[in-house]
Amino acid sequence: MLQLVLLGDSGVGKSCIVLRFVRGQFDPTSKVTVGASFLSQTLALEDSTIVKFEIWDTAGQERYAALAPLYYRGAAAAVVVYDITSPESFKKAQYWVKELQKHGSPGIVMVLVGNKADLHESRSVPSQEAQEYAEKNSMLFMETSAKTSDNINQVFEVCPLRRLFGFT
Ligand SMILES: Nc1nc2c(ncn2[C@@H]2O[C@H](COP(=O)(O)OP(=O)(O)OP(=O)(O)O)[C@@H](O)[C@H]2O)c(=O)[nH]1
């Protein structure tokens, strides 16, 4: 069992990432999350280890920020999401990384995810900048698209791999 939390600004696509992973769907009319939502999913790793994920998808709106510790405190893995077309959302991701470093479980696996990679023509956060930030903070980094499903499974695969085997 692996408790995983998603954190990040409102509208970056956290709920869509979870929905893509759990149901294989994309909902372009996805609604704002209120409080947090919970989903579970199992995944077989390459060596056939079965991992059961308990996923907390937190609400990104500022008014819910005070609730986030309830969800990240017990988490073994945290996926911090920003939108590659939004520099503000990248700043917000850095805020969540600091919060996790201060208050997250020791040894928590952190993954920085730049979502909406399908909108690369409107990109305003360079991959290299995000990659360097992630390295400095001992995080993994990936760009995803919940719309096209690019790299979505990989985000969930690397968390248990890193946790169990120190995989980078
Ligand atoms: N083009 C594109 N749009 C996306 C992608 N992922 C999500 N979206 C859109 O972004 C909007 C917000 O997605 P959500 O998943 O609801 O965002 P959220 O981060 O859960 O937002 P909160 O619930 O407020 O925290 C929706 O209109 C989605 O359709 C993506 O990979 N590509």
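Remember, it's 1-based here, ligands and their atoms both numbered in the order they're listed. When a residue number appears, it is its place in the shown sequence, counting from 1.
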Exercise for the section: Taking the side chain as every heavy atom from C-beta outward, state whether Ile17 and Ile152 have any atom pair closer than 4.5 Å. Expected result: yes

Practice task
Around atom 10 (O) of ligand 1, find the nearest protein heavy atom and jot down its residue, atom name and distance.
Solution key: Lys116 NZ, 3.1 Å

Completion exercise
atom 26 (C) of ligand 1 has as its nearest protein heavy atom Pro28 O, 4.1 Å

Problem - Leu45 side chain reached by Pro160 side chain, heavy atoms, under 4.5 Å - result: yes

Problem - Atoms in ligand 1 with a heavy atom of Ala59 nearer than 4.0 Å - result: 25 (O)

Exercise for the section: Enumerate the atoms of ligand 1 whose separation from the nearest heavy atom of Asp9 is less than 4.0 angstrom. Expected result: 19 (O)

Problem - Protein residue, atom and distance nearest to atom 31 (O) of ligand 1, heavy-atom basis - result: Ala146 N, 2.8 Å

Problem - For Leu112 against Ala93, the heavy-atom pair lying closest together - result: CD1-CB, 4.2 Å

Practice task
Consider only side-chain N and O atoms of Ser124 and Thr85, and report whether a donor and an acceptor are under 3.5 Å apart.
Solution key: no

Problem - CD/Gln25: more than 12 non-hydrogen atoms of other groups inside 6.0 Å - result: yes

Handout entry: Shortest protein contact, atom 18 (P) of ligand 1 (heavy atom only)
Key = Lys14 N, 3.5 Å

Fill in the blank from the handout: Looking only at protein heavy atoms, what sits closest to atom 13 (O) of ligand 1 is Gly13 CA, 3.6 Å

Practice task
Please work out whether any backbone atom (N, CA, C, O) or any side-chain heavy atom from C-beta onward of Val81 is under 4.0 Å from ligand 1, and answer side chain, backbone, both or neither.
Solution key: neither

Exercise for the section: Could you tell me which atoms of ligand 1, counted from 1 in the order shown, lie closer than 4.0 angstrom to a heavy atom of Ser145? Expected result: 31 (O)

Practice task
Record the part of Ser10 in heavy-atom contact with ligand 1 below 4.0 Å; permitted values are side chain, backbone, both and neither.
Solution key: both

Practice task
State, to 0.1 Å, how close Ser105 and Arg73 come at their nearest heavy-atom pair, and which atoms those are.
Solution key: OG-O, 2.8 Å

Problem - Any side-chain donor near an acceptor of the partner, Glu99 and Tyr72, under 3.5 Å - result: yes

Fill in the blank from the handout: Numbered in order shown, the ligand 1 atoms found under 4.0 Å of a heavy atom of Lys31 are 16 (O)

Problem - With Phe141 via ring-ring contact (aromatic ring centres under 6.0 Å, His included) - residues at least two apart - result: none

Problem - Phe26 touching ligand 1 at heavy-atom level, < 4.0 angstrom - result: yes

Exercise for the section: Could you tell me whether ligand 1 has any atom less than 4.0 Å away from a heavy atom of Ile17? Expected result: no

Exercise for the section: Considering only non-hydrogen protein atoms, determine which one is nearest to atom 15 (O) of ligand 1 and report residue, atom name and distance to 0.1 Å. Expected result: Cys16 N, 2.9 Å

Completion exercise
Residues at least two apart in sequence or cross-chain that pass side chain to side chain donor-acceptor pair (under 3.5 Å) with Ser145, listed by chain then number, are Asp118, Thr148

Fill in the blank from the handout: Checking heavy atoms under 4.0 Å, the part of Thr148 that sits near ligand 1 is neither

Practice task
Tell me yes or no: between the side chains of Asn151 and Glu143, is some donor less than 3.5 Å from an acceptor?
Solution key: no

Handout entry: Contacting atoms of ligand 1, where contact means under 4.0 angstrom from a heavy atom of Leu119
Key = 1 (N)

Exercise for the section: Please work out whether the ring planes of Phe156 and Phe21 are parallel, tilted or perpendicular, with thresholds of 30° and 60°. Expected result: parallel

Practice task
Would you mind checking which non-hydrogen protein atom is closest to atom 6 (N) of ligand 1, with the distance to 0.1 Å?
Solution key: Asn115 ND2, 3.1 Å

Practice task
Using a strict 4.0 Å cut-off to heavy atoms of Asp27, name the atoms of ligand 1 that fall inside it.
Solution key: 29 (O)

Exercise for the section: Would you name the heavy atoms of Thr33 and Ala59 that are closest together and state the gap between them? Expected result: O-CB, 3.1 Å

Exercise for the section: Distance to 0.1 Å, residue and atom name: give those for the protein heavy atom nearest to atom 1 (N) of ligand 1. Expected result: Asp118 OD2, 2.9 Å

Problem - Atoms of ligand 1, numbered as shown, that sit under 4.0 Å from any heavy atom of Thr33 - result: 22 (P), 23 (O), 24 (O)

Handout entry: Ser89 and Asp83: side chain donor to acceptor below 3.5 Å
Key = no

Problem - Contact (N/O only, under 3.5 Å) between Lys147 and ligand 1 - result: yes

Problem - Nearest candidate to atom 11 (C) of ligand 1, where distance is taken over non-hydrogen atoms, out of Ser30, Ala36, Gly60, Gly11 - result: Gly11

